[in-house]
Asks: 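For reference, the structure I am asking about is given below.
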Amino acid sequence: MDLGKQIELWNENEQYSQIIHAIEALEENQLTPELISELAKAYNNAADSNDQASFEKAIA
């Protein structure tokens, strides 16, 4: 299964930390705009209302 499909499944199952770990493990030259967007979305979805650090990572 390719990473895009795996990310889709993790999103469906609300496994946002899996997405974060998988994308952050990639080399910088492997990152695409789509993967960066998925990473930001995962940080946002994983954060609770008091988790300022995750929101800041999502923005970055």
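The shown structure was predicted, so the numbers you read here are calculated from the model rather than taken from an experiment.
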Asks: Can you list the residues that meet the side chain to side chain contact (heavy atoms under 4.5 Å, CB included) rule with E27, with sequence neighbours excluded?
Replies: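 Counting only residues at least two positions away or on another chain, E27 forms a side chain to side chain contact (heavy atoms under 4.5 Å, CB included) with N29, Q30.
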Asks: According to side chain to side chain contact (heavy atoms under 4.5 Å, CB included), who are the partners of E38, at least two apart in sequence or on a separate chain?
Replies: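 Checked E38 against side chain to side chain contact (heavy atoms under 4.5 Å, CB included); matches are I7, N11, I23, K41.
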Asks: What distance separates E14 CD from I19 CD1, expressed to the nearest 0.5 Å?
Replies: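 Here the rounded value is 10.5 Å.
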Asks: Return the set of residues passing side chain to side chain contact (heavy atoms under 4.5 Å, CB included) with E12 (not counting sequence neighbours), or none when no residue passes.
Replies: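 Listed in chain order: E8, L9.
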Asks: When rounded to the nearest 0.5 angstrom, what distance separates CG in N44 from CG in L39?
Replies: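 If we round to the nearest 0.5 Å, N44:CG and L39:CG are 11.5 Å apart.
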Asks: At their closest point, which heavy atom of A42 faces which heavy atom of Y16, and how far apart are they?
Replies: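 It is O-CB, 3.7 Å.
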